[in-house]
2 protein chains.
Amino acid sequence: MSPKNPSRIGSQSRAPALIFAALGDATRLRLVARLCGGEPRSISDLTRGSRLTRQAITKHLSVLQNAGVVCRFRSGRHSLFKFHPQPIDALRDYLDFVSEQWDHALARLKSLVER
Amino acid sequence: MSPKNPSRIGSQSRAPALIFAALGDATRLRLVARLCGGEPRSISDLTRGSRLTRQAITKHLSVLQNAGVVCRFRSGRHSLFKFHPQPIDALRDYLDFVSEQWDHALARLKSLVER
DNA sequence: CTAATCTGCAACCTGGAGGTTGCACAATAT
DNA sequence: ATATTGTGCAACCTCCAGGTTGCAGATTAG
């Protein structure tokens, strides 16, 4: 079971679903886009440039944190969030596996037709 | 703006959020896993091997169809669903871009420290 | 022809997602 | 010392996602 292979795809895959769901919201996607740019940012910082309330942003950040996409730490009175790449890499592997599966299916079909 | 570059990441990205959300459910992920294996499958076929109702499965398939991950066509009294790879490829590109962005950030930070 | 199968549509229920307001408190500016 | 700023927590609201049951209509099997 190589690390490139999402173990038992589709059966015991609660983790990927959690991460996909975390990214399945435009607001959270925007937050990720800002955070993957580098510097950690505070809640109020991330709230600027959004029409939502600070509390709403906080909830979204909690969802991202719960999925592991982001990690949180305090500095003084600021609550800072930093991007964490591992779950994104896991999803890339997952999607690669799905594509690969599909390509194999196409190849099988083609060889069947050509026979 | 290369095709590898998800245009204006985070700003006008409603489409990716839709696709991510469609995959953000364990049941739907299982459906995708079965469908990307090749042959189109009918609703009742996909319902076997799930503890859910046919109607529930139908709703999940509609969500996937709405995201473009799957396409539907009828054959006799069967409603068949076939995997459609484009949205998955779009997500791969999206995640690649995020990772790339993060790698650039790390590289900038490193060069700053080494200076 | 008749029975079994596959599907679509509609009504309905329940929990939680996503958003808000309000308040209390810690940390920093001035 | 005081005002401002950044957070956390809790209560509350609304709406929809995810599930179910029930029924009627096609289509195919026997």
Rounded to whole Å, the CD1-C1' distance (B:Ile57 to D:dT20) equals 13 Å

Residues A:Leu46 and A:Arg34: closest non-hydrogen pair is O-NH1, 3.4 Å

Exercise. Using a 4.5 Å cut-off on heavy atoms from C-beta on, say whether the side chain of A:Leu95 contacts that of A:Phe20.
Key: yes

With five pairs defining each end axis, the helix from C:dC1-D:dG30 to C:dT30-D:dA1 comes out bent, to 10°, by 30°

Practice prompt. Taking the side chain as every heavy atom from C-beta outward, state whether B:Phe73 and B:Lys82 have any atom pair closer than 4.5 Å.
Written response: yes

message = Please check this pair: side chain of B:Arg28 against backbone of B:Ala21, looking for a donor-acceptor N/O pair closer than 3.5 Å.
response = yes

Separation of D:dA17 atom P from B:Leu64 atom CG, nearest Å, is 14 Å

Taken to the nearest whole Å, CG/A:Leu61 to P/D:dG6 is 15 Å

Scan nucleotides 6-12 of chain C against the protein and return all N/O pairs shorter than 3.5 Å with their distances rounded to 0.1 Å.
from  : atom 1 : to      : atom 2 : distance (Å)
C:dC6 : O3'    : B:Arg77 : O      : 3.4
C:dT7 : OP1    : B:Ile43 : N      : 3.4
C:dT7 : OP1    : B:Ser79 : N      : 2.8
C:dT7 : OP1    : B:Ser79 : O      : 3.4
C:dT7 : OP2    : B:Ser44 : N      : 2.7
C:dT7 : OP2    : B:Ser44 : OG     : 3.0
C:dT7 : O4     : B:Arg54 : NH2    : 3.4
C:dG8 : OP1    : B:Arg72 : NH2    : 3.3
C:dG8 : OP1    : B:Ser79 : OG     : 3.3
C:dG8 : OP2    : B:Arg72 : NH2    : 3.4
C:dG8 : N7     : B:Arg54 : NH1    : 3.0
C:dG8 : O6     : B:Arg54 : NH2    : 2.7

To the nearest angstrom, the CG-P distance between B:Asp25 and C:dG15 comes to 18 Å

When rounded to whole Å, the CG to P distance for the pair B:Asn66 and D:dC16 reads 15 Å

query = Is there side-chain contact between A:Arg72 and A:Ile43, with heavy atoms separated by less than 4.5 Å?
reply = yes

Do side-chain atoms of B:Thr53 reach the backbone of B:Gln55 as a donor and acceptor pair under 3.5 angstrom? no

| request: Check whether any side-chain heavy atom of B:Arg92 lies under 4.5 Å from a side-chain heavy atom of A:Asp96, and answer yes or no. | output: yes

Any donor-acceptor pair under 3.5 Å from B:Ser75 side chain to B:His78 backbone:
no

